[in-house]
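Following: one structure in structure tokens, then a few remarks.
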Amino acid sequence: MYDVLIIGLGCAGYTAAIYSARYKLKTYLVGQTQGGLGITAAEVGNWPGNIEITGPDLMENFHKHAVSFEEVTLKLARIDKVEKIDGGFKLYQDDGCTVEGKTIIFAMGSNKRHLGVEGEERLSGKGVTYCATCDAFFYRGKDVAVIGGGDSAVEGAAIAAQVARRVYLVHRKNTFRAEPYWVERVKARDNVTFVLERNLVEIQGDQKVSGIKLDQPFEGNDVIPVDGVFIEIGADPATGLAQSLGCEVDAKGFLAVDPTMKTTVQGVFGAGDITSASNHFAQFVTAAGEAAVAANSVFNYLQTKSN
Ligand code: NDP
């Protein structure tokens, strides 16, 4: 039986594994995507100690660090089910294997939100995608729309503007949640058009995207012809498994944790984008901080139990 089962291979999961290993805990780290959402960040300029680093490079460093410990077993798999057993918990993987541990840290992050407009599901993968920074490269010389007003959308628009002919940044407000750093970068590009106070109501196209329809005309037209649509309207915490164990979520649907990252179920902890900690401020640095605290709490919990 492992001391700790950590689910999630993003910033929080890797950090929790590093700290657990240094506490000499027998650690099982499992997830589907190595690097999690962190690999979608084209540029990270707010990870202290690196003036600038790409998301994939940063996550590669995390990965190498975590697997450098003999205490850490890393597995690429999806967890389909989790249940309480005598003395701990049991994970059921999609490869048919099961793993048991005394404690769990949920660090599964979040799932990208969909808009739910006509044409979106039908044209998904045919011009509609949910990661501007990952997919912009395929739209060299083309026209694209990025939807949203947070860091993901505005950073995505900045990256897309480096390759696309024109980028329409469509946002339902005229103010941005994104860091002013990114907004200024986008404003400095002459191939970005801000389409503000407009909602996207339909994505048009037959075999592939041909345009977006707005709820109000923009410069006299309610349809803007584009080849790609990057939907960047945030993400919802992946709390399904934790809830199946009885963990509570807060009013916004995040995993409820106390300041020690304990959930409402004994032996179960959370860290990163999945949690209600850090006032829902989803950053590399907050995810890493929460994960360090979660691993420390696991250590304290196991010490108390063994005394
Ligand atoms: P956010 O939740 O921060 O922003 C979502 C944006 O989408 C908001 O502007 C919101 O509008 C808009 N939106 C939400 N729902 C709809 C809808 N149905 N129709 C139209 N617009 C909608 O999500 P992000 O993915 O941008 O960021 C998530 C977290 O990750 C944040 O904490 C962010 O700081 C962080 N992040 C950090 C990065 C970095 O540090 N380099 C890079 C990327 C993300 P409104 O403003 O009106 O609510």
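Both counts, for ligands and for their atoms, begin at 1 and track the order of listing.
The protein heavy-atom contact nearest to atom 38 (C) of ligand 1 is D151 CB, 3.9 Å. The shortest contact between atom 23 (O) of ligand 1 and any protein heavy atom is with G234 CA, 3.2 Å. In terms of protein heavy-atom proximity, atom 39 (C) of ligand 1 is closest to N46 ND2, 4.2 Å. Nearest protein neighbour of atom 35 (C) of ligand 1, counting heavy atoms only, is A282 O, 3.0 Å. Closest to atom 14 (C) of ligand 1 among all protein heavy atoms lies I233 O, 3.4 Å. With respect to atom 10 (C) of ligand 1, the closest heavy atom belonging to the protein is R172 NH2, 3.9 Å.
A distance of 6.0 Å or more separates the ring centres of H65 and Y14. A centroid separation of 6.0 Å or more is found between the aromatic rings of H171 and F194. The six-membered or imidazole ring of F218 lies away from that of Y168, with a centre-to-centre distance of 6.0 Å or more.
Note on ring orientation: taking the six-membered ring where Trp is involved, the planes of Y301 and F269 are perpendicular (angle over 60°, cut-offs 30° and 60°). Aromatic ring orientation, Y28 versus Y2: tilted (interplanar angle from 30° to 60°).
The option from G109, S152, S278, G150 that lies nearest to atom 27 (O) of ligand 1, judged by heavy atoms, is S152. Across the listed options E155, H171, R177, R177 owns the non-hydrogen atom lying nearest to atom 3 (O) of ligand 1. Closest heavy-atom approach to atom 9 (O) of ligand 1 within the set G148, A41, S110, G149: this belongs to G149.
When heavy-atom distances to ligand 1 are checked against a 4.0 Å cut-off, L115 comes that close only through its side chain, counted from C-beta outward. In L200, neither the side chain nor the backbone holds a heavy atom less than 4.0 Å from any atom of ligand 1.
Taking distance alone, with nitrogen or oxygen atoms compared against 3.5 Å, R113 stays at or beyond that limit from ligand 1. The N/O atoms of Q283, backbone and side chain alike, include one that comes under 3.5 Å of an N/O atom in ligand 1.
Under a 4.0 Å heavy-atom criterion, E179 is not in contact with ligand 1.
Taking each heavy atom of I274 and A238 in turn, the nearest pair found is CD1-O, 3.2 Å.
Contact check for I53 versus N61: side-chain heavy atoms found under the 4.5 Å cut-off. Using a 4.5 Å heavy-atom cutoff, the side chains of L91 and I104 are in contact.
When the shell of 6.0 Å around CD of Q207 is examined, it contains 12 or fewer heavy atoms from other residues, nucleotides or ligands.
At distances below 3.5 Å, at least one donor-acceptor pair connects side-chain atoms of D143 with backbone N or O atoms of R166.
Contact annotation for atom 6 (C) of ligand 1: protein present (non-hydrogen atoms, distance under 4.0 Å).
Below 4.0 Å from some heavy atom of K173 lie the following atoms of ligand 1, by number and element: 45 (P), 46 (O), 47 (O), 48 (O).
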